[in-house]
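All values below come from the heavy atoms of this structure, side chains included, with hydrogens, waters and symmetry mates left out. Being a predicted model, the structure only gives us computed values, none of them experimental. Position 1 is the first residue of the sequence, and the numbers go up from there.
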Amino acid sequence: MGQPASQAAAFYKDVSKSGKLWTCKDDGGNPAPKTSSGKRAMPFWSSLSRVEKIIKNVPAYSKFEPQEVSWEDFETKWAPDLQEHGLLIGVNWSGARATGYDLEPNDVLANVNHQRHQNTLQW
């Protein structure tokens, strides 16, 4: 499993257990840089420490502050809004340039909810 795939798997697992995720914001709002495909993606991370690491180590994010989002708000407000505006979701971006998988909002919802369901089936 490559780095982006392992980061995405950790995202689904962590968010399904904690019921929250993180993005970042500044006075202008949330970042949504263009991806290699030309679409914009808003990054989300599965823990405060992950977003803090990006803010600390990636110059383009140095002026942002962490923003916690409950899974319920993400599922009912954020994801539908991102979908409506044609934005992708960057999951657990990492590294010197803060990159990783960029997915359709509905795919992120499906993957986290699948993981949540798997968690309830475990002993």
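- The minimum heavy-atom distance between R50 and A10, with the atom names listed, is NH2-CB, 3.6 Å.
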**OP:** Any chance you could lay out the side-chain contact (heavy atoms from CB on, under 4.5 Å) test for R40 and L88, step after step, and finish with the verdict?
**Re:** CA-CA 6 Å; R40 293 197 175 273; L88 300 172; over 6 Å; no
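- In this structure, V15 is not a member of the same hydrophobic cluster as W93, with clusters built from ILVMFWY side-chain heavy atoms closer than 4.5 Å.
- Atom-to-atom distance recorded for K17:NZ and W71:CH2 is 15.5 Å, nearest 0.5 angstrom.
- Partner of F44 under the ring pair (Phe, Tyr, Trp, His ring centres under 6.0 Å) criterion, chosen from W22, W78, Y101: W78.
- Within the 3.5 Å criterion, the main-chain N or O of S46 finds a donor-acceptor partner in the side chain of N92.
- By the 4.5 Å heavy-atom criterion applied to side chains, P80 and P105 are not counted as neighbours.
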Original post:
Would L109 and E75 count as a side-chain contact (heavy atoms from CB on, under 4.5 Å) if you check the C-alpha gap in whole Å, the side-chain angles of each, and the deciding distance to 0.1 Å?
Top reply: CA-CA 7 Å; L109 292 174; E75 195 171 30; 3.9 Å; yes
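- The environment of NZ in K39 is crowded: more than 12 heavy-atom neighbours from other residues, nucleotides or ligands sit within 6.0 Å.
- When only modelled atom types and interatomic distance are considered, T35 and D102 share no side-chain donor-acceptor pair under 3.5 Å.
- In this structure, V69 is not a member of the same hydrophobic cluster as Y61, with clusters built from ILVMFWY side-chain heavy atoms closer than 4.5 Å.
- Shortest non-hydrogen contact noted between V91 and A8 is CG2-CB, 3.9 Å.
- Under a 3.5 Å cut-off, the side chain of N111 and the backbone N or O of D107 do form a donor-acceptor pair.
- Once rounded to the nearest 0.5 Å, the distance linking CD of Q115 with CG of D14 reads 9.5 Å.
- When every heavy atom of N30 is checked against every heavy atom of K25, the shortest pair comes out as ND2-CB, 3.7 Å.
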Original post:
Between F11 and L103, does a side-chain contact (heavy atoms from CB on, under 4.5 Å) hold up when you go through it step by step?
Top reply: CA-CA 12 Å; F11 180 91; L103 304 169; over 6 Å; no
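- Tracing side-chain contacts under 4.5 Å through hydrophobic residues (I, L, V, M, F, W, Y), one reaches L48 starting from I54; they form part of the same cluster.
- Linking Ile, Leu, Val, Met, Phe, Trp and Tyr whenever their side-chain heavy atoms come within less than 4.5 Å puts M42 and V112 in one cluster.
- Defined by atom type and a distance below 3.5 Å, a donor-acceptor pair is present between the side-chain atoms of D81 and H85.
- N106 contributes atom CG, which lies 8.5 Å from atom CD1 of I89 (distance to the nearest 0.5 angstrom).
- Atoms OG and NE2, from S16 and H117 in turn, are 12.5 Å apart once rounded to the nearest 0.5 Å.
- Between E65 atom CD and T23 atom OG1 the span is 12.5 Å, to the nearest 0.5 Å.
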**OP:** Assess whether side-chain contact (heavy atoms from CB on, under 4.5 Å) is satisfied between I55 and C24, documenting all intermediate values.
**Re:** CA-CA 8 Å; I55 291 168; C24 56; 4.2 Å; yes
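- Separating the OG atom in S94 from the CH2 atom in W45 is a distance of 10.0 Å, to the nearest 0.5 Å.
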